[in-house]
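Each chain gets a letter, A, B and so on, in the order the sequences are listed, and its residues count up from 1. Basis for what follows: all heavy atoms, side chains included, without hydrogens, waters or symmetry-related copies.
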Amino acid sequence: MYQNDQGTAPTVQQLTFSLAGEEYGVDILSVREIRGWSRVTRIPQTPAYLLGVLNLRGAIVPIMDLRLRFGLEREVYGDSTVVIIVALAERLFGIVVDAVSDVVDIDPAAIKPVPDMGVIVDTRYLKGLATHVERMVMLLDIENLMRPEDVETLDAALSHVQEVEVAA
Amino acid sequence: MSTVDLSQFHKTFFEESLEGLDAMEAALLALDSGQTEPELVHTIFRAAHSIKGGAATFGFADVAAFTHVAESLLEEVRSERRGVDEKLIDLLLHAVDCLRAMLARSRRGQPVADADSEALRAELVRLVGGEAAPPAPAAAPNAASVAGWDIRFTALPHLLQSGNDPLRLFRELQQLGRLEVLRAVVVDAAPAQLAELDPSQCFLGWELRLHGAVARADIDAVFDWLDGDCELAIEPVADVTPAALVAAPPLPVAPLVAAPAPKVDPGPRRIRASAAASADGGSIRVSVDKVDALINMMGELVITQSMLSDIGEHFDQSQLERLREGLVQLERNTRELQESVMRIRMLPIASVFNRFPRLVRDLEHKLGKQVRLELHGEHTELDKTVLEKIGDPLVHLVRNAIDHGLETPTQRRAAGKPETGTLRLEAYHEGGNIVVQISDDGAGLNHAAITAKAVQCGLIRPEQELDDAEVAALIFQPGFSTAAQATDLSGRGVGMDVVRRNVRDLGGSIGVRSQSGKGSVFTIALPLTLAIIDGLVTAVGEERYIVPLISIVESLRLRPDMVRKIAGGGEVFHFRDAYLPIMRLHRAFGCAGAVTDIERGIVVVLEEEGRRVGLLVDDLLGQQQAVVKSLEAHYQRVEGISGATILSDGAVALIVDVGGVVRLGQQRSEAA
């Protein structure tokens, strides 16, 4: 659940991107770079949404497909498919999204808690909802996205789909 | 004086003090082995003194107080008022241990003194009191007979630059007794004009009187650091009366009377040189040579780079040859630079070897054996990480060699061997590896006991006849012996599987040769570094995996008739008189599009923990040095993968963890 700081409320900048027709936002301060899709090296014994690792100037960085992470259908990667590299503490990871849209200012006071949206999107990975120019932006909680215990539980749950090959 | 935050120097103080203690320990052990050079005593004294000085400066009062007493005792030894015997060395070694513990506690910010240190301090104080000391030579003025000391102390101009502060000296003197400044003088050499005065130089001298029955040694100790930085005269005052005060000679400002004090040893000031770089902390002390080499190499690389960019700017076919030359040069520069950079992480194995003289001495006493320790090749350099991790296995082997290998003097005499056993540690380069050998001339492995134990553990059948090599291999079996079993087993094998695992984790291997009655030799081969491995690039489907060369026995293509299917779905093949299980890498890692026909792929025979398996891959792409990168830096550990590397085309290839893959294969086959 997102808790905003009452009183001191400078706007927070969010990088917004589209995924399956929805608009998502990620805190711009955690974004390290945006790059086009390139082939990754698959890692065995990992859940399907973890596409593999790539060489980011000598660092071995894991890349996940956000559609698969959210249990959505996988898209064929195209020209607009991008990888957003985000940093969490010292760790880097990349998320594959349909397209990057914009950088928007959002007033923290205007961020609403996430209602239970049922099975469409796992709300664990959202910090809150914000409205920007009449559009709803779902703010990602990247800390939860890359949490190892999630990886483990999902690993167990997804072990039967491991045969689904990632056609890179 | 401005106030400086001293805590920034604490780390250095701890490092230097620990090095000082190492030097003290080494010198004490040398004394113990019968060497009598006075330099050894001086080394011990200087180390104690620097620790005391540092501790006092940085506010570790308990450490300073403790060292002070030890130092007083050492001063008696240094001035030959006390003989060196084994009891004294034991006591001082104990003091070294105690100081190490105290430093460790101060570092963690815990209370420094404990029961042990207090008891030891009391013991030292009692000893300094003189009960055991032979009568002092007549020449040494007895503290009891003097009422005070006249100290004429003239700083040489560079005193302040050497980091000394007269004020601190006075404070130290004040702790000994009441200090009276008779007069302060300006040295002749001082510039006449104030404008010419260099504030970093000192042109002052003092006449001081220290009241009270203070030991001469204590005063010397205060000035010990100033050797060469001042002129000093210390004379006893028999009777402090106004008359004597008047009679005090006027201070000659020019060169002072040579001090009757025992001349402070002019030998090397910095004990550090003898102490190998400490393995502690995240810093490495790098010799200037290595840095210079690096800078040279860098310079060459820059030249090559500018040459290449010059070619690139106006390129035409005629310059193809120059371009090729440039690339060859670039390759050479890169390789040399790589070697130089790796060399920075290399430290001499002496830092590990240095702990053994003490360990051996302690074990000798405890087990009633006589051991001569020989160290060879201490300057052989190893990667810092390897060095840090090889210490424990070596300690284990040395302890085993003395405990189980070498016999007691009586047994040795009966066997017609010299009473003193020899334990030899040697490090040397061999191929791309560092080899460390631990050899003893003891009884060798106890064939009968080991075989009996192995039968009891169910590792072999009672009727099996084993040769020396097979017996030796048994001691590395996991669970072959535990602490409880080790006592009734006079052979070796206390946790040898752990030793082997540690060595394997470092990418090394361990072997043993033993001859009954003659002794045994343990040989550890270690890679030069952990950062780069030699690997075989293999293809599996669309992926490429690196298999560490060190684990590979052989690669071969199997003919259909060599493969047997066994019950439960497993596959085995015949290899050198044994049937080895086949591990399909594509199955273990779930790779798409891989070769599934065993006959069409290639089987790489791997050895891990004494077990062999055949790993099925599509093809071998070639051999390559792989710079190991951790997956954990940004992700997490993955079973079956030990790391990743970047191939020449920029793609990432995973490095196979052979042990993990073997385990994975077993799980899969059990699940199937």
For the residue pair B:E632 and A:R91, establish whether any side-chain heavy-atom pair is separated by less than 4.5 Å.
-> no
Check whether any side-chain heavy atom of B:Q636 sits under 4.5 Å from a side-chain heavy atom of A:P62, and report yes or no.
-> no
Side-chain donor or acceptor of [X] paired with backbone N/O of [Y] under 3.5 Å:
X: A:T41; Y: B:V652; result: yes
X: A:R42; Y: B:E542; result: no
X: A:Q45; Y: B:G590; result: no
X: A:N55; Y: B:G650; result: yes

Options A:G58, A:A59, A:S38, ranked by heavy-atom pairs under 4.5 Å with chain B, top entry |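 It is A:G58.
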Could you point out which residue of A:I60, A:L50, A:V61 forms a side chain to side chain contact (heavy atoms under 4.5 Å, CB included) with B:Y635?
->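 Single side chain to side chain contact (heavy atoms under 4.5 Å, CB included) partner of B:Y635 among A:I60, A:L50, A:V61: A:L50.
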Enter the distance from B:H634:NE2 to A:L88:CG here, rounded to the nearest 0.5 Å.
-> 12.0 Å
So CG of B:D649 and CZ of A:R39: to nearest 0.5 Å the spacing works out to 9.0 Å
Side chain, backbone, both or neither: which part of A:L54 has a heavy atom under 4.5 Å from chain B?
-> backbone
Should we count CD of A:Q13 as having more than 12 external heavy atoms under 6.0 Å?
->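 For A:Q13, atom CD is crowded (more than 12 foreign heavy atoms under 6.0 Å).
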